[in-house]
Amino acid sequence: MRGLLQFYRALNALCNRQVKRRAGFAGSQCGFSGTVSDSKPQPRFGLLFDIDGVLVRGKMPIPAAKKAFQKLVNSQGQFVVPVVFVTNAGNCMRQMKADQLSHILGVPITMDQVMMSHSPLRMFKKYHDKCVLVSGQGPVLDIAKNLGFQNVVSVDMLRESFPLLDMVDHNRRPKVPSSPIANLPTVEAVILFGEPIRWETNLQLIIDILLTNGNLSGAHQSQKLPQLPLLACNMDLMWMAEAQSPRFGHGTFLVCLENIYKKITGKEVKYKALMGKPSELTYHFAEYLIRGQAVERNWTQPITTLYAIGDNLMTDIYGANLYNRYLEERTRRKTSKAVTKMATATGSAAALPQVNDHVENAWESELAPPSATSCKSILVCTGVYNPHTEVPNDTNQCIKEIVFHGHRDFHFDPALVEPGHIVQDVADAVELIFEQEKFVPQ
């Protein structure tokens, strides 16, 4: 615990030092990443922007955002580097979010540059023809169908068909005795898009679905049946809006669901997939979108470096560093295989340690292998992260529980929440990246 205290104190001190030194940063330690072709530089890097706390606070734009994007767009309104907005929000379609960002930032943004927390669900085709229950707010049925799901049921639809199940709010209880309207198919999977509006209703009915194997006409059978597939998007415990302190996010709702399920059954609820930052799957999909932009612009140089700009240590920084770890491991495996292959060809393989032939990540077969070899994290001080927060002095407190706001299924690793760079705001982040890459847009 003492080590964790020292880590966070050092991180706070590092933030103050790096912010003060920003103006004098020369970026001389890094090599070229932009190349020149036909007098126009071609980027070899892409940018992944978080939205809340980096570009906006609620509906209010952060002043540095427009300044940053003036550097990223040329006189024809085209981005000079590939850019993807990676948000854990999941309450709207990509086009709506693109329109909102275009209005806020004053630059044209397409939906292909936007990645919602639920975007990777397009790849979960094995569930697209199953009856799925969706939870969240906004047009959840339309979102699900747009992602490819063909047979979708909402929590409100369940409540209308089974009016006796939602009993917490006395005013919403049936006024007269009623029978279930059993006209819904059996639910075969559950998808959690984001925090719902009526938590008590959603928690009750989701638990009911999980404990009845999707058939609400029956009683709970928690000890007999395997759990239905559960897929969750957005693990943010908190997020930054206009208020002075962070607000509850979908991660808080998941904490409630997990603890209620365990209290009732004595078992841990299991997820088939967790999407949104800090999941590697999310960054793999974002890298795929970055590559698509480069192809569309006829940029022939591969995008080898990603920069992820965020305000949350436990999602943005953790996720970027986790994906960077994956990319480094992937490069190491490729190198080991190449050395083994060469040694085999020259007859010296016996002298080498045997390397297991790892099965490539399942998502690589869906999206094609990444061209990126590194993902660098940059933390801004305009959102959830506050460099002036006091760290408790009492080492008898369980600091790990206090500081780690990540999801239950992600283990705390101090190295993964240490940002590559800390800057004051997103404009400083873009300036830093251009300096490091020695990239001068024409």
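Computed from a prediction, not measured in an experiment: that's the story for all the values here.
- Taking CG from Leu48 and OH from Tyr307, the interatomic distance works out to 12.0 Å, rounded to the nearest 0.5 Å.
- Remark: the backbone N or O of Gly276 is not paired with any side-chain donor or acceptor of Asn88 at under 3.5 angstrom.
- Between the side chain of Arg173 and the backbone N or O of Val168, no donor-acceptor pair lies under 3.5 Å.
- For residues 238-265, the set of pairs meeting the salt bridge (Lys or Arg N to Asp or Glu O under 4.0 Å) definition, not counting sequence neighbours, comprises Lys262-Glu268.
- Residues satisfying the salt bridge (charged side-chain N to carboxylate O under 4.0 Å, His left out) test with Asp50, not counting sequence neighbours, are Lys277.
- For residues 193-210, the pairs satisfying salt bridge (Lys or Arg N to Asp or Glu O under 4.0 Å) are Asp169-Arg198, Arg198-Glu200, with sequence neighbours left out.
- Distance check: Leu416 CG to Asn324 CG gives 9.5 Å after rounding to the nearest 0.5 Å.
- In this structure, Thr252 contributes its side chain and Leu237 its backbone to a donor-acceptor pair below 3.5 Å.
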Kindly list each side-chain donor-acceptor pair under 3.5 angstrom involving residues 54-66, sequence neighbours excluded, with atom names and distances?
from  : atom 1 : to     : atom 2 : distance (Å)
Arg57 : NE     : Ala241 : O      : 2.9
Arg57 : NH1    : Thr382 : O      : 3.2
Arg57 : NH2    : Ala243 : O      : 3.3

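- For Arg325 and Glu329, the salt-bridge test fails: no basic side-chain N is under 4.0 Å from an acidic carboxylate O.
- Donor-acceptor pairing under 3.5 Å is recorded for the side chains of Ser377 and Asn321.
- Of the possible donor and acceptor atoms, none in the side chain of Thr201 sits under 3.5 Å from a partner among the backbone N and O of Asp166.
- Using bins of under 30°, 30° to 60° and over 60° for the plane-to-plane angle, the ring pair His250/Phe253 lands in the parallel bin.
- Taking NE2 of His220 as the reference point, atom CD1 of Ile264 lies at 6.5 Å (rounded to 0.5 Å).
- Rounded to the nearest 0.5 angstrom, Arg330 CZ and Arg333 CZ are separated by 7.0 Å.
- Once rounded to the nearest 0.5 Å, the distance linking CE of Met235 with CG of Leu274 reads 5.0 Å.
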Report task. In sequence, state the C-alpha distance, the side-chain angles, and the governing distance for Val417 and Met314, and then conclude on side-chain contact (heavy atoms from CB on, under 4.5 Å). Result -> CA-CA 6 Å; Val417 294; Met314 303 304 168; 3.7 Å; yes
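- In this structure, the side chain of Gln221 does not engage the main chain of Thr212 through any donor-acceptor pair within 3.5 Å.
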Query raised in the report: What's the verdict on side-chain contact (heavy atoms from CB on, under 4.5 Å) for Thr87 and Met116, showing C-alpha distance, side-chain angles and the deciding distance?
Result: CA-CA 5 Å; Thr87 176; Met116 312 295 289; 3.8 Å; yes
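- At a threshold of 4.5 Å between non-hydrogen side-chain atoms, the residues His284 and Tyr326 count as touching.
- Sparse packing is recorded around CE of Met96, with 12 or fewer heavy atoms of other residues, nucleotides or ligands lying under 6.0 Å away.
- Arg408 is listed as a side-chain neighbour of Tyr271, based on a closest heavy-atom distance under 4.5 Å.
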Query raised in the report: For Arg291 and Glu287, what are the C-alpha separation, side-chain angles and deciding distance, and is it a salt bridge (charged side-chain N to carboxylate O under 4.0 Å, His left out)?
Result: CA-CA 6 Å; Arg291 274 185 282 135; Glu287 194 271 347; 2.8 Å; yes
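- With values rounded to the nearest 0.5 angstrom, Leu289 atom CG is found 7.5 Å from Ser119 atom OG.
- Of the possible polar contacts, none joining the Arg44 side chain to the Ile303 backbone as a donor-acceptor pair under 3.5 Å is found.
- Judged by distance alone, the side chain of Ser102 and the main-chain N or O of Ala98 form a donor-acceptor pair under 3.5 Å.
- Applying the ring pair (Phe, Tyr, Trp, His ring centres under 6.0 Å) test to every pair with at least one member in residues 131-153, sequence neighbours left out, gives these pairs: His128-Phe149.
- Screening residues 135-146 for side-chain hydrogen bond (donor to acceptor under 3.5 Å, both in side chains) gives Arg122-Asn146, Ser135-Asn202 as the qualifying pairs, with residues at least two apart or on separate chains.
- The six-membered or imidazole ring of Tyr318 lies away from that of Tyr323, with a centre-to-centre distance of 6.0 Å or more.
- Remark: the Thr186 side chain and the Asn215 side chain contain no N/O donor-acceptor pair separated by less than 3.5 Å.
- No more than 12 heavy-atom neighbours from other residues, nucleotides or ligands sit within 6.0 angstrom of CD on Glu296.
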Query - Leu165/Leu205 under side-chain contact (heavy atoms from CB on, under 4.5 Å): CA gap, chis, key distance, verdict - result: CA-CA 7 Å; Leu165 299 184; Leu205 295 182; 3.6 Å; yes
